[in-house]
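This report concerns only the one structure given below.
Every number for a ligand or one of its atoms is a count from 1 in the order of the listing.
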Amino acid sequence: TTLSTTFLGQTFASPLFNASGVRCFDKDELNSLLASASGSLVTKSCTREARTGNPEPRYVATPLGSINSMGLPNKGYGYYLDYAKAHDYSKKPLFMSVAGLSLDDNIAMVAAIRDAALPAIVELNLSCPNVPGKPQIAYDFDAMDRMLAAVSAEYDRPFGVKMPPYFDIAHFDLAAEVLNRYPAVAFITCINSVGNALVIDIEREEVVIKPKDGFGGLGGDYVLPTALANVNAFHRRCPEKRVIGCGGVRSGEHIFMHLLAGASLVQVGTALQEEGPGIFARLNAELAAILERKGYASIDEVRGRLKTL
Ligand SMILES: O=C(O)c1[nH]c(=O)[nH]c(=O)c1I
């Protein structure tokens, strides 16, 4: 059996890589992902200028996952573009996550990435839930439409979008209708954290993160079924596009679920944060064992095979 697959014309030895934001803030973290058994790596969502982000504590792990309100801390897009320029693409593909604070910022950043003419793949983050005062774009369908019209006009290459979870069939329909207007949107990464959850410590009778009165994005076991639903909803509605699964992955079985639901590649967030880059060797082995046991020769054969009753 093989874990290798091709995606946007590039070869991935494994379908697994980090979720943007997790262990990808600077070149040391990115190089530890490069040295891992991941099939790829994605940079921390970047803005035009560097940001320190929200006050700490801003990430906390819980028995069932994690809560975060990082506030988009990053080195600024120039730093990640320099990393992308220096990257050896024969080792593994690289994604750049872009999360401008305005449409103009996204245009400026993707223009610079375009001009660098690199094999790097852009993942446009439409779903950051933690910048105070900035409602996330993907919950405003008109704003998302305007953003995609502007970015696809400027960035003359295939790119992807990082989407938040939706919870209503009508919203799956509306979001897919917008995305399907843009053939340049070649992939959809589902899901970002489940926004604005609240974790409470009863001993202290307190919230656990400082920003936003303790409200933050949820990851981990809590979100797996919602992630699978979003992967499958967009897989069904956007047959011309690929889907990258993200959310709740901690084992080979979870990856297999995402593949059945329609994912082409699979990102790991909370579990990577907690276990470290060594997780990719474990997950590759667990996934390969499942494929062997079930008689699949490649992960491509699994994609979208989920049966309904
Ligand atoms: O708070 C963050 O930095 C953050 N946190 C998330 O959970 N998702 C995001 O897209 C972002 I940009």
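The closest approach between Gly71 and ligand 1 falls below 4.0 Å for a heavy atom of the residue. Using 4.0 Å as the threshold, Ser20 has no heavy atom nearer than that to any atom of ligand 1. Contact between Gly217 and ligand 1 is absent, with no heavy atom of the residue lying under 4.0 Å from the ligand.
Polar contact with ligand 1: absent for Ser127 (N/O pair, distance under 3.5 Å). In terms of polar-atom proximity, defined here as any N/O pair under 3.5 Å, Lys44 does make such a contact with ligand 1. Distances between N or O atoms of Asn192 and those of ligand 1 include at least one value under 3.5 Å. Here's the thing with Pro129: none of its N/O atoms is less than 3.5 angstrom from an N/O atom of ligand 1.
Classification of the Phe7-Phe12 ring pair by plane angle, with boundaries at 30° and 60°, yields perpendicular. Using cut-offs of 30° and 60° for the angle between ring planes, the Tyr166 and Phe234 rings count as tilted.
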Candidate pair Asp300 and Arg303, rule salt bridge (charged side-chain N to carboxylate O under 4.0 Å, His left out), full reasoning: CA-CA 5 Å; Asp300 298 345; Arg303 184 178 315 133; 2.8 Å; yes
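Contact annotation for Val131 and ligand 1: no heavy atom of the residue comes within less than 4.0 Å of the ligand. The residue Asn54 has no part lying near ligand 1, judged by heavy-atom distances below 4.0 Å.
For Tyr80 (side chain) and Phe25 (main-chain N/O), a donor-acceptor pair under 3.5 Å exists by modelled atom type.
For the side-chain contact (heavy atoms from CB on, under 4.5 Å) criterion with Arg237, the lone passing option out of Asp173, Asn232, Ile188 is Asp173.
Side-chain contact check for Ser102 and Asp104: no donor-acceptor pair (N or O, by modelled atom type) lies under 3.5 Å.
The protein heavy-atom contact nearest to atom 11 (C) of ligand 1 is Cys128 SG, 3.3 Å.
Taking all atoms of both residues into account, the shortest heavy-atom contact from Arg114 to Asp156 is CG-OD1, 3.4 Å.
Those atoms of ligand 1 with a heavy atom of Leu72 less than 4.0 angstrom away are 1 (O), 2 (C), 3 (O), 12 (I).
Under the 4.5 Å side-chain heavy-atom criterion for Ile, Leu, Val, Met, Phe, Trp and Tyr, Leu124 and Tyr77 are members of the same hydrophobic cluster.
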